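Just so it is clear, the structure is predicted and the values come from calculations on it, not from any experiment.
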There are 2 protein chains.
Amino acid sequence: MELSNAVQALTGLAQLSRLSVFKTLVAAGPDGAQPTAIAESLDIPANTLSFHLKGLMTAKLVTQEKRGRMITYRADFTQMNALLEFLTANCCGGKGCAVTAPLRAHRANTRAVAS
Amino acid sequence: MELSNAVQALTGLAQLSRLSVFKTLVAAGPDGAQPTAIAESLDIPANTLSFHLKGLMTAKLVTQEKRGRMITYRADFTQMNALLEFLTANCCGGKGCAVTAPLRAHRANTRAVAS
DNA sequence: CACACAATTCGATGATACTGGAATTATGGA
DNA sequence: TCCATAATTCCAGTATCATCGAATTGTGTG
């Protein structure tokens, strides 16, 4: 991933509404979610949400699938992987960052996100 | 790390100049670098750089140490760790993300800022 | 003190981003 | 066809960001 692509991806996440939307989509998993549901869940006007979803699309962080008159959005982990790889390679000390050090026995852990 | 803190950190990196500066500081390692050197290296006017360094300070991504009339800036990996941890926990599928991906060997060349 | 230098702050400008009401497009159903 | 619904686009207002010349602050040196 190039520097400019990293900026693009980071920009996609560097805003409260968008990060919330992305987080929601991640939580929604493979089923994804539709704008109406997201808007209600996060209490964001539909048009504002649409604006941010477009931003997430531009950042290539989400995908959309049209079925009839509804559109399902899903988090796209490919870009997220590339971003984390970039940050790990370019923005870490090379030894310390969280990626390599799984937080020594730090309550091994509540969520299914573990390594 | 809270959502809003994550946004703060992401905002710090979501800009070409700032990401470049941070990358430079990471490459500089423990020695850090001074504004004049960074400005020359990246070809950014001193005041513009100062503006972005302030942004990185706000995002808690860098630290500064005053010695005489020069100031040494260093990347602060604490915040970076926290950010990566946040992204891994909240923005990954739980299985795929870069955490498991092989970490490309990081060049330990710390002399990147010299003129 | 006078000067050079490191770095920041000030101030002004242009560009971009965020928000939300209103209108629009498109699909499904009665 | 007519209406409801899903989602987007249009548009305007406001706010924030990015840039850089000029002025400022602070420190070391002759």
Side-chain angles (χ1 to χ4, degrees), chain A residues 3-25 28 31-75, chain B residues 3-4 6-25 28 31-75 113-115:
Chain A
L3 200 69
S4 59
N5 296 116
V7 170
Q8 187 184 46
L10 287 163
T11 301
L13 298 173
Q15 205 276 341
L16 192 56
S17 298
R18 278 196 303 274
L19 186 57
S20 302
V21 170
F22 188 73
K23 186 167 178 281
T24 299
L25 287 176
D31 290 345
Q34 289 142 19
T36 301
I38 302 171
E40 162 146 7
S41 165
L42 298 178
D43 195 30
I44 298 175
N47 54 354
T48 301
L49 174 64
S50 197
F51 171 81
H52 287 304
L53 283 171
K54 195 200 284 188
L56 287 169
M57 285 290 290
T58 300
K60 294 178 183 159
L61 286 165
V62 302
T63 60
Q64 65 177 188
E65 182 197 3
K66 293 191 183 184
R67 280 186 64 112
R69 63 179 158 176
M70 24 245 270
I71 301 182
T72 298
Y73 283 89
R74 294 186 182 85
Chain B
L3 200 68
S4 58
V7 170
Q8 188 184 45
L10 287 164
T11 301
L13 298 174
Q15 205 276 340
L16 192 56
S17 298
R18 279 197 303 273
L19 186 56
S20 302
V21 169
F22 187 73
K23 186 168 178 282
T24 299
L25 287 176
D31 290 345
Q34 288 142 18
T36 301
I38 302 170
E40 162 147 6
S41 165
L42 298 178
D43 195 30
I44 298 175
N47 55 355
T48 301
L49 174 64
S50 197
F51 170 82
H52 287 304
L53 282 171
K54 196 200 285 188
L56 287 169
M57 285 290 290
T58 300
K60 295 178 182 160
L61 287 163
V62 303
T63 60
Q64 65 176 190
E65 182 196 3
K66 294 189 184 183
R67 282 185 63 114
R69 62 179 158 178
M70 25 244 268
I71 302 182
T72 298
Y73 284 89
R74 294 186 182 84
V113 180
S115 60

Discussion item. Any side-chain to backbone donor/acceptor pair from B:Ser50 onto B:Ala46? Under 3.5 Å, distance only.
Written reply: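 Not confirmed, B:Ser50 side chain does not pair with B:Ala46 backbone.
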Minimum-distance nucleotide (side-chain atoms of [X] versus [options]):
{"X": "B:His52", "options": "D:dC20, C:dT8, D:dT19", "result": "D:dT19"}
{"X": "A:Ser50", "options": "D:dT8, C:dG28, D:dA18", "result": "D:dT8"}
{"X": "B:Ile71", "options": "D:dT8, D:dA4, C:dT8", "result": "C:dT8"}
{"X": "B:Asn47", "options": "C:dT9, D:dT19, C:dT27", "result": "C:dT9"}
{"X": "B:Gln64", "options": "C:dG21, C:dT9, C:dT8", "result": "C:dT8"}
{"X": "A:Pro45", "options": "D:dG28, C:dC18, C:dG20", "result": "C:dG20"}
{"X": "B:Gln34", "options": "D:dA4, C:dA7, C:dG20", "result": "C:dA7"}

Rounded to the Å, how far apart are [X] [atom1] and [N] [atom2]?
{"X": "B:Leu19", "N": "D:dA18", "atom1": "CG", "atom2": "C1'", "result": "16 Å"}
{"X": "B:Lys54", "N": "C:dC10", "atom1": "NZ", "atom2": "P", "result": "7 Å"}
{"X": "A:Lys66", "N": "D:dA6", "atom1": "NZ", "atom2": "P", "result": "16 Å"}
{"X": "B:Glu40", "N": "C:dA6", "atom1": "CD", "atom2": "C1'", "result": "14 Å"}
{"X": "A:Leu56", "N": "C:dC18", "atom1": "CG", "atom2": "P", "result": "11 Å"}
{"X": "A:Gln8", "N": "C:dA17", "atom1": "CD", "atom2": "P", "result": "12 Å"}
{"X": "A:Asp43", "N": "C:dT19", "atom1": "CG", "atom2": "P", "result": "12 Å"}
{"X": "A:Met70", "N": "D:dA4", "atom1": "CE", "atom2": "C1'", "result": "13 Å"}

Look up atom [atom1] in [X] and atom [atom2] in [Y], then write down how far apart they are to the nearest 0.5 Å.
{"X": "A:Ile38", "Y": "A:Asp43", "atom1": "CD1", "atom2": "CG", "value": "14.0 Å"}
{"X": "B:Phe22", "Y": "B:Leu53", "atom1": "CZ", "atom2": "CG", "value": "12.0 Å"}
{"X": "A:Thr63", "Y": "A:Ile71", "atom1": "OG1", "atom2": "CD1", "value": "11.5 Å"}

Using only side-chain N and O atoms of [X], determine if any of them is under 4.0 Å from OP1 or OP2 of [N].
{"X": "A:Thr48", "N": "C:dC18", "result": "no"}
{"X": "A:Tyr73", "N": "D:dT8", "result": "yes"}
{"X": "B:Gln15", "N": "D:dT19", "result": "yes"}

* Can you name the closest pair of heavy atoms from A:Arg18 and A:Thr11 and give their distance? ->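 That would be NH2-O, 3.0 Å.
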- Query: Closest heavy-atom contact between A:Leu49 and A:Pro35?
  - Reply: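 Distance-wise, the nearest heavy atoms are CD2-O, 3.1 Å.
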Heavy-atom nearest nucleotide on DNA chain C for A:Ile44 versus A:Thr11: which residue maps closer to 5'?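 Result of the comparison: A:Thr11.
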- Task: Just call it for A:Arg18: base, sugar-phosphate, or nothing, with non-hydrogen atoms closer than 4.0 Å on any strand.
- Result: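 Sugar-phosphate contact only.
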Check: Just checking B:Thr36: base, sugar-phosphate only, or nothing, at a heavy-atom cut-off of under 4.0 Å?
Finding: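 Sugar-phosphate contact only.
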By nearest-heavy-atom nucleotide on DNA chain D, the more 5' of A:Ala46 and A:Arg69 is A:Arg69
